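Numbering starts at 1 and runs along the sequence shown. The model shown is predicted, which means the values in this text are computed figures rather than measured ones. Atoms considered below: every heavy atom in the structure, side chains included; atoms not considered: hydrogens, waters and symmetry mates.
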Amino acid sequence: MKQIVALAASPAGTAHARLAAEALRAVASHSGYSFKVEVADPAGAIGVLTAADIAAADVVLLAVDAEVDAQRFAGKPVYETRTSAAIRHPQAILDAALAKVSPVVPVAPVVAAASDVAAVTAKRLVAITSCPTGI
């Protein structure tokens with residue numbers, strides 16, 4: 001089960017943030033995702049996300065119209081949108097956020113023959129850059 005944590009914030013108070021949080025929560029619940037949301041309010045926060053909540057999350061969704069400190073989400077895939085988009089299109093927002101989670105694919109070890117290594121090391125890479133403004 002995918003675990004999603006979200007932060008909803010609006011500078012105009014909690015109305016838009018709460019609407020976004022509830023729209024996202026309803027869709028996540030219907031889709032079978034584990035979902036926890038914090039609503040940031042100018043007077044404080046409701047449903048504060050703990051460090052354990054954030055650590056267990058597969059993705060962090062920010063539905064914000066105000067600047068928030070995202071430092072506590074460092075190392076996690078973060079998807080940011082506006083509260084209005086989360087209210088109007090919660091399924092699309094959740095899908096886009098979950099798309100940031102990279103699937104774990106096992107990688108087979110690569111074994112190169114001695115002749116392949118020699119061929120690879122003999123190649124050179126040349127890069128050319130250009131700027132259309134001439135700077």
Side-chain angles (χ1 to χ4, degrees):
M1 175 186 313
K2 296 287 184 189
Q3 294 188 11
I4 305 165
V5 293
L7 174 64
S10 177
T14 60
H16 285 99
R18 284 185 189 212
L19 288 171
E22 287 308 313
L24 292 167
R25 184 187 331 260
V27 171
S29 168
H30 181 69
S31 299
Y33 302 129
S34 172
F35 185 82
K36 185 167 182 186
V37 63
E38 175 181 324
V39 178
D41 183 282
I46 302 164
V48 177
L49 297 171
T50 65
D53 294 332
I54 297 166
D58 293 309
V59 67
V60 176
L61 195 159
L62 301 178
V64 296
D65 296 326
E67 188 151 336
V68 294
D69 179 21
Q71 286 296 90
R72 63 186 175 151
F73 306 120
K76 290 288 179 179
V78 176
Y79 181 81
E80 187 171 344
T81 189
R82 300 187 50 91
T83 57
S84 59
I87 293 167
R88 291 186 186 116
H89 310 288
Q91 182 67 58
I93 297 301
L94 281 177
D95 292 343
L98 288 169
K100 293 200 83 149
V101 179
S102 57
V104 177
V105 178
V107 178
V110 177
V111 179
S115 61
D116 292 339
V117 173
V120 170
T121 56
K123 294 181 182 180
R124 291 186 178 179
L125 176 65
V126 177
I128 300 172
T129 62
S130 75
C131 181
T133 60
I135 298 175

Output for pair (I54 CD1, K36 NZ), nearest 0.5 Å, gives 9.5 Å
Tracing side-chain contacts under 4.5 Å among Ile, Leu, Val, Met, Phe, Trp and Tyr outward from L19 reaches I87
**Item:** Polar side-chain atom of D95 near backbone of A92 as donor-acceptor pair, under 3.5 Å
**Value:** no
Minimal heavy-atom distance between L94 and A28, with the atoms involved, is CD1-N, 3.5 Å
Correct closest heavy-atom pair for A97 and L61 would be CB-CD1, 3.9 Å
Given side chains that start at C-beta, do those of V37 and L24 come closer than 4.5 Å, heavy atoms only?
-> no
> Between D58 (side chain) and Q3 (backbone), is there a donor-acceptor pair under 3.5 Å?
Replying inline: yes
Are F35 and L49 connected in a single hydrophobic cluster, I mean Ile/Leu/Val/Met/Phe/Trp/Tyr linked by side-chain heavy atoms less than 4.5 Å apart? no
Is there side-chain contact between V59 and L98, with heavy atoms separated by less than 4.5 Å? yes
Apart from I46 itself, members of its ILVMFWY cluster (side-chain separation under 4.5 Å) are V39
Could you check whether any side-chain N or O of K2 sits under 3.5 Å from a backbone N or O of Y33, counting only pairs where one atom can act as donor and the other as acceptor?
no
I'd like a table of donor-acceptor pairs (distance under 3.5 Å, sequence neighbours excluded) in which one partner is a side-chain atom from residues 62-77, with atom names and distances.
residue : atom : partner : partner atom : Å
D65     : OD1  : T83     : N            : 3.3
D65     : OD2  : T83     : OG1          : 2.3
D69     : OD1  : Q71     : N            : 3.2
R72     : NH1  : E38     : OE1          : 3.2
R72     : NH2  : E38     : OE1          : 2.8
R72     : NH2  : E38     : OE2          : 3.0
K76     : NZ   : A55     : O            : 2.9
K76     : NZ   : A57     : O            : 2.7

Between the CD atom in Q91 and the NE2 atom in H30, the distance rounded to the nearest 0.5 Å is 8.0 Å
